[in-house]
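One structure, pasted below without further comment.
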Amino acid sequence: MTRPMTQALTPADRALTWAQQAALVAGASIFVALCARVTLPLPFTPVPLTMQNFGVLLVGLMLGRRRGFAALTLYLAEGLAGMPVFNPTGPGGLAQLLGPTGGYRISYPFVAALAGWIMERGPRTFFRAVAAGVLAETLLFASGISWLVVFTHSFAKALRFGFYWFVFAEIIKVMLASGITTGWRRVRKVEI
């Protein structure tokens with residue numbers, strides 16, 4: 001009978017593995033923060049068009065449910081601590097989480113975890129990645145629009161502010177994140 005891998009590792013090996021995982025999580029939170037810098041404010045809605053959602057999807061698809069959740073939780077903690085990780089069009093910090101885009105941001109760890117969970121449940125194909133991205137985006141928009149309904153007191157206004165203008169861009173982000181994920185796995189032939 002063989003011992004599980006964690007028991008076979010020496011304490012130094014476990015520390016190195018832990019450090020590598022922590023670096024991946026921290027790097028992923030920085031990646032999402034960089035994606036947030038790519039922002040296009042739209043004059044007809046308080047919700048800007050950003051690349052954050054792409055970053056969240058890519059982190060979830062590439063790192064899986066646990067590390068994706070950890071990376072996006074770290075990202076939110078960094079933003080709450082006042083670090084300039086949220087998109088530059090908002091006030092930053094807690095005020096940005098309580099603003100019109102707060103519902104989207106609060107869901108980020110769960111969106112990444114859902115995308116990662118779906119990718120971990122079978123063959124990591126492009127179509128599975130697209131399905132994971134679409135379901136994760138559904139969760140993202142359900143949370144964001146629900147928050148906007150509370151914020152605006154109108155479901156129609158919430159859809160107008162936070163959904164209609166973004167559908168096409170989100171389809172492109174899902175396809176791009178799915179393509180990068182499956183392409184990376186094909187090129188590397190290893191599991192992250």
Exercise. Would you indicate whether the side-chain heavy atoms of Trp147 and Tyr104 approach each other to under 4.5 Å?
Key: no
Self-check item: Shortest non-hydrogen contact from Thr101 toward Gln96
Solution: OG1-O, 3.9 Å
Self-check item: Exercise: identify the closest heavy-atom pair between Gly55 and Phe31
Solution: CA-CE2, 3.6 Å
Exercise. Might you point out which heavy atoms bring Val56 and Val111 nearest each other, and give the distance in Å?
Key: CG1-CG1, 3.8 Å
Quiz item: Which word best sums up how the rings of Trp165 and Phe44 line up, parallel for under 30°, tilted for 30 to 60°, or perpendicular for over 60°?
Solution: tilted
Quiz item: Quick one: are the ring centres of Tyr75 and Phe86 less than 6.0 Å apart?
Solution: yes
Quiz item: Using 30° and 60° as the class limits, which term best fits the ring planes of Phe166 and Phe141: parallel, tilted or perpendicular?
Solution: tilted
Quiz item: If you round to the nearest 0.5 Å, how far is OG of Ser146 from CZ of Phe151?
Solution: 14.5 Å
Self-check item: Note, Ile171 side chain near Val174 side chain (heavy atom, < 4.5 Å)
Solution: no
Quiz item: Is there a chain of hydrophobic side chains (I, L, V, M, F, W, Y, each step under 4.5 Å between heavy atoms) that links Leu49 to Ile172?
Solution: no
Quiz item: Any side-chain heavy-atom pair from Arg65 and Met119 closer than 4.5 angstrom?
Solution: no
Quiz prompt | Close side-chain approach of Phe161 and Pro46, heavy atoms under 4.5 Å | solution = yes
Quiz prompt | Test item: side-chain donor near acceptor, Tyr108 and Asn53, under 3.5 Å | solution = yes
Quiz item: Just wondering, more than 12 heavy atoms not from Phe126 lying within 6.0 Å of its CZ?
Solution: yes
Self-check item: Interatomic spacing from CZ in Arg37 to CG in Asn87 - rounded to 0.5 Å
Solution: 8.0 Å
Quiz item: Does the side chain of Glu78 pick up a donor-acceptor pair with the side chain of Ser29 at under 3.5 Å?
Solution: yes
Practice problem: Measure from the side-chain N and O atoms of Arg67 to the backbone N and O of Gln21, and report whether any donor-acceptor pair falls under 3.5 Å. | Solution: no
Practice problem: Answer whether the closest heavy-atom distance between the side chains of Arg124 and Thr181 falls below 4.5 Å. | Solution: no
Self-check item: pair Arg105-Gln52: side-chain heavy atoms closer than 4.5 Å
Solution: yes
Exercise. Could you tell me the separation between the CD1 atom of Ile180 and the CG atom of Leu61, rounded to the nearest 0.5 Å?
Key: 10.0 Å
